[in-house]
Structures are given as C-alpha cells and as structure tokens.
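Reckoned from all heavy atoms, side chains included, excluding hydrogens, waters and symmetry mates. All residue numbers refer to positions in the sequence shown, counting from 1.
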Amino acid sequence: MTGSTTLLLLNGRLPGSDDVVDIEIADGVIRRVGYTDPGRPATRTVDLGERWVIPGLWDNHVHFSQWAQTARRLDVSAAASAAAAAVSVAGRVPSVPSGDTLVGFGFRDGLWPDAPGLEVLDAASGDVPVVLVSGDLHSCWLNSAALALHGFAGHPTGLLREDDCFAVVASLGAVADAVMDGWADEAARVAASRGVVGIVDLEMTWNLDTWRRRIAAGTDALRVEFGIYSQDLARAVALGLRTGAPVDGTGGLLTVGPYKVITDGSLNTRTAYCFDEYPGLEGTPGAHGMLTVPPAELVSLMRTAAEAGIRPAVHAIGDHANSLALDAFAELACEGSIEHAQLLAAADIGRFARLGVVASVQPEHALDDRDVADRYWAGRTGRAFVLASLLDAGVQLALGSDAPVAPLDPWVTMAAAVGRGTEGREPWHPEQAISRQAALAASARGRHQVAVGEVADLAVCEVDPLTASVADLRRMPVAATLLAGRFTHTTL
C-alpha cells in the first residue's frame, strides 16, 4: 500500500486577481489554496512563477477518431469552388499508394459558384478512389471509383448527404486499431497541451471498447465521456450503462456519456431542418432541410435512454428541429442537452431554461458559418448562435468544438464566444458575445476558479484569461495541465 502524496504549486495566481497563492494537492484533490508555510512537507514542489491557475478545460463535443485522422488527410478547406478542390486532388493523386483511397477534408460548398459533380472529380483523379468529406461532416463528395467501392455506383453527382455520408465516413475509419490508437494518443497529448483535461467523444461508433483499449495501452492524458448512438442503445441498456458511471479498470478516466441522436442535418449542407425554406430550394422536397428522426420516434428513443439512466443529447441545428427536440424534452420531463442549437425560434430560448436543457454549442461554427448563414438564413441570423440570449434566459451553456469541424482547442472556442469575429473582419452579431468569465465557466464544467475539495484537474496559463485580449485568448500559452494532480503537460 502506497502512502499519501502531496504536490505544492507555489506562486500561482487566480483569474481576475493579482494575489499570489499556493495550491496544495493531496492525493489528487485540492486541499488548500492560499499561503503555505515554506517548511510544510510535500512529495513534490513546483514554482508556477506567478502564472494563472484555472480549472482544467473540457471540450463537450468532439469526434475524436476523426479529429486524430484529420492531419493525415488532404486539406481542401481553402477551396473556393469545386474546380479548385479538384485541382488539389489532382496534385495529390500521384502520391497515393496503389489500392489506397485519397481522403480529403474540409470543403464547404454552400457558397461555391459551381456544384460538386462527378465529371470534374473524375477528371482530376482517374481510377484512384477519392472521398472528400465536408467541413461539417454531413456530406461527402466521391468520384466514380469511390462510389463503386462504397456501394453507390451510378450515383449521378457523387455528393452524398447525411446517413449515406455517415456510412462512407464510418468505413474510412477502418484503420488498424494499433495505428488509430497511436494517432489518438498523439491527439490526446496535443489536447492536454492546450489545457484540456476531458472530452465528450461523440464518434459514431461503439466507443466503450475503443477507449477501454486505448487507456489500457497507456493513453492517459484525458478524461473521456463516450457517447452512445441509436444503433447501440439496446446494447448499452442491456449492459446497464448509465450516464456518469465510471468504467471499471480505467482509473477513473473513462465514464459513460450521453445518448446521441441526430434529428436534422447542417447549415452548409442545407439539411438543417427549418421553419422557412432555403433560398433557391423553394417548392422542392428538401426546401426546409431534412428531419432525420420523426417526433414520435425521437420521443420513443429518448424515453428508452432516459428510463435506463442514459442522458439524451439531441443534435438539432435548424429552428424547427430545435423546437421539436424541446417538445420531446417537455413530454419526457428528462434532463439532457441539445447539441449545436444553432438557429432558434425566439420563443424557444426561454424553453431551454424552463426545461433544464443544456445548450451544448460550438461558438467557432458562428465564424465558419457566418457567410453561409447570411445567405441561407437571411433575415434570421439575429437568432443564430445566440449565446448571450441563452445565458440571459438562465440556460446552462456547455462549449465545445465538434472537432474536426473546428479545432479541438477550448481557447479558440472561448475566443469565438467572446469576440464573435476573426482577425480582419468585424464581429458578427456582437450583441451575442459573452463574457470571458462565462466562456471559461462553460468550458470548465461551470467553474471559473479553483476551490478546495475539488479534484485537481487544472491548467496553468501565461496570461490571465479574464483580462486577455481576444487575440491572446485564442492563442493562449499553456504552461502546464494537471489531471488529478498529475502533470499531463508542462513547460515549467
């Protein structure tokens, strides 16, 4: 049996204060915040050099395996047209090993002057299978060789949306476990270097075995709450999984997360389900977007999860999809979250608070989607990404990235929530900006300061996050990250 361990962090500062404090951590828990007698015994002492100590950060919505793969895919995010994307493909095709598929990521065709099609992609790629995944993950563009490979031969355009896209993307993830786990471990350590202590992983697969295997192999830089999808809901219920329950044998790193159900599409793909028709699609079957789970089915699925103790997390982006999701929460009177909550009817903002539904939002999407929103949600963008209105109504916010849609970096997320703009552009709907304190709390499980009695999941910053400029917030230097008092990253 090992004895107690004590870590003393000397000369730290708390956000919003110039007072210098010491933090004593015993067996992974904060035991004291304040002056510490220099003669007090400790297993280890670290001088923070008057840097700022904050609660460790969480990304409340990620697709972790896809994020880990993104750096290894062709980046087509800068393509301003289908023709430009094809040029990028043509440049990479000669280096693709025989028998492999060229995978690209990040295209956004909502404002392209030309539509994605087979002719331009086939001309650029020949017989090499090509799959380009959109930046919002809700569509993918395949050439003829890839369509045949994935069972969609004869598709007229090669542009697959929603469930068809998800099926293709899932098959792209069929990398050898040892290889993927290595990429995931690397990505976890990079996240820790940004002050991240935990993620909610909503990868569309059975994540229990995946993360149990990764943790057993030594991936220990993050806490992980794993999501469960409809195809695995009965399995999770049969196993007795309950949201918040730790998984045995993982040292407290792995916890059962929510039940994720996707009820509509996305803005860039024009499949977010809205009350109003999309410009240019009037009178067509998809003019309002796509409702992928009808209300009665949604209630039934959410009831199954909630009665088993698995908290629902409902994907809803369009205003009509959000209203229907709130209707389901009202009928069931259960806790849960709406993931994204991008476009909201004015009357629905207060419903989040009254129903106790968490708004799990991704502020960087507002900056990525602003031009597409101005075109396809024209006249309605005042009720898009309404972070300040949600807070004013008493709604709990949980910030995230939806990585790889946006970077897995809470500082980027917080800067977007606070500044509502990027360098060189005016803020977009600045009336919906929130304070630095609110953004920090929404990225740190409701906390903006450390306190005695809490688990010592901490980050140490070079700049006070409550006074930093938006630019400094976005690129915040992180000197150290601790998980239950254990350093997962340090430059000290």
Any donor and acceptor pair, going by atom type alone, linking the side chain of Asp264 with main-chain N or O of Gly318 inside 3.5 Å? yes
Please tell me whether Thr269 and Asp136 have a donor and an acceptor in their side chains that are separated by less than 3.5 angstrom. yes
Could you tell me which non-hydrogen atom of Met302 sits nearest to which non-hydrogen atom of Ala328, and how far apart they are? SD-CB, 3.6 Å
Side-chain donor or acceptor of Trp141 paired with backbone N/O of Val131 under 3.5 Å: no
Check: Glu203 and Trp67 side chains under 4.5 Å, non-hydrogen atoms: no
Can you confirm whether the side chains of His315 and His340 place a donor and an acceptor under 3.5 Å from each other? yes
Report yes or no: do Asn60 and Ser360 form a side-chain donor-acceptor pair below 3.5 Å? no
For Asp127, does the CG atom have more than 12 heavy-atom neighbours from other residues, nucleotides or ligands under 6.0 Å away? no
Restricting to non-hydrogen atoms, name the atom on Val478 and the atom on His489 that form the minimum distance, rounded to 0.1 Å. O-NE2, 3.1 Å
What closest approach, in Å, do Gly158 and Leu147 show between heavy atoms, and which atom pair accounts for it? CA-CD1, 3.9 Å
Minimal heavy-atom distance between Ala353 and Val395, with the atoms involved, is N-CG2, 3.7 Å
With a 6.0 Å cut-off (strictly less than), is the heavy-atom count around CD of Gln396, excluding the residue itself, greater than 12? no
In terms of side-chain geometry, is the basic nitrogen of Asp59 or Arg194 positioned less than 4.0 Å from the acidic oxygen of its partner? no
How many angstroms lie between atom CD1 of Ile262 and atom CG of Asp163, to the nearest 0.5 angstrom? 8.0 Å
One thing to verify: whether Arg212 and Asp177 come together as a salt bridge, which I'm taking to mean a side-chain N less than 4.0 angstrom from a carboxylate O. no
Separation between CD1 (Ile338) and CZ (Phe352), nearest 0.5 Å, reads 4.0 Å
Between Asn268 and Ser266, is there a side-chain donor-acceptor contact under 3.5 Å, judged purely by atom types and distance? no
Just wondering, are more than 12 heavy atoms of other shown residues or ligands nearer than 6.0 Å to CD in Glu423? no
Return yes if some donor-acceptor pair links the side-chain N/O of Arg380 with the main-chain N/O of Tyr376 below 3.5 Å, else return no. yes
Option passing side-chain contact (heavy atoms from CB on, under 4.5 Å) with Arg351 (candidates Asn322, Leu344, Asp327, Val357): Asp327
To the nearest 0.5 Å, what is the distance between CG (Leu391) and CD (Gln432)? 9.5 Å
When rounded to the nearest 0.5 angstrom, what distance separates CG in Leu159 from SG in Cys140? 7.5 Å
Going by an N to O cut-off under 4.0 Å, is there a salt bridge joining Asp185 and Arg189? yes
Would Ser171 and His150 count as having a side-chain donor-acceptor pair, cut-off 3.5 Å? yes
What's the separation between atom NE2 in His61 and atom CG in Leu202, rounded to the nearest 0.5 Å? 5.0 Å
Where do Ala433 and Ala388 come nearest, in terms of heavy atoms and distance? O-CB, 3.6 Å
Gap between atom OG of Ser65 and atom CG of Asn207 - 0.5 Å precision: 7.0 Å
Heavy-atom donor-acceptor pair, Ser389 side chain to Val386 backbone, under 3.5 Å: no
Is NZ or CZ of Arg311 both nearer than 6.0 Å to the six-membered ring centre of Tyr259 and within 45° of the ring axis? no
Tell me, yes or no, whether the heavy-atom count around Glu426 atom CD, taken from other residues, nucleotides or ligands under 6.0 Å, exceeds 12. no
Glu462 CD: over 12 foreign heavy atoms closer than 6.0 Å: yes
Within the 3.5 Å criterion, strictly below it, is a donor on Glu339 or Ser337 matched to an acceptor on the partner's side chain? yes
Donor on one side chain, acceptor on other, Gln342 and His365, under 3.5 Å: no
Short side-chain donor-acceptor distance under 3.5 Å, Asp369 and Trp377: no
Would a distance-only check, ignoring hydrogens and angles, find a side-chain to backbone donor-acceptor pair under 3.5 Å from Thr243 to Val256? no
Without hydrogens or angle criteria, can the side chains of His63 and Asp201 be said to hold a donor-acceptor pair below 3.5 Å? no
Could you check whether Glu162 and Thr271, counting side-chain N and O atoms only, form a donor-acceptor pair closer than 3.5 Å? yes
Quiz item: cation-pi between Arg445 and Trp58, 6.0 Å / 45°: yes
Taking the six-membered ring for Trp and the single ring otherwise, decide whether the centroids of Trp206 and Tyr229 are under 6.0 Å apart. no
Among Leu142, Leu102, Asn143, Val120, find the residue that satisfies the side-chain contact (heavy atoms from CB on, under 4.5 Å) test when tested with Ser125. Asn143
Test your reading of the model: is there a side-chain donor-acceptor pair from Tyr278 to the backbone of Leu267, 3.5 Å cut-off? no
Which pair of heavy atoms, one from Phe107 and one from Ser139, lies closest together, and at what distance? CZ-OG, 3.9 Å
In the structure I gave you, are the side-chain heavy atoms of Val237 and Leu233 within less than 4.5 Å of one another anywhere? yes
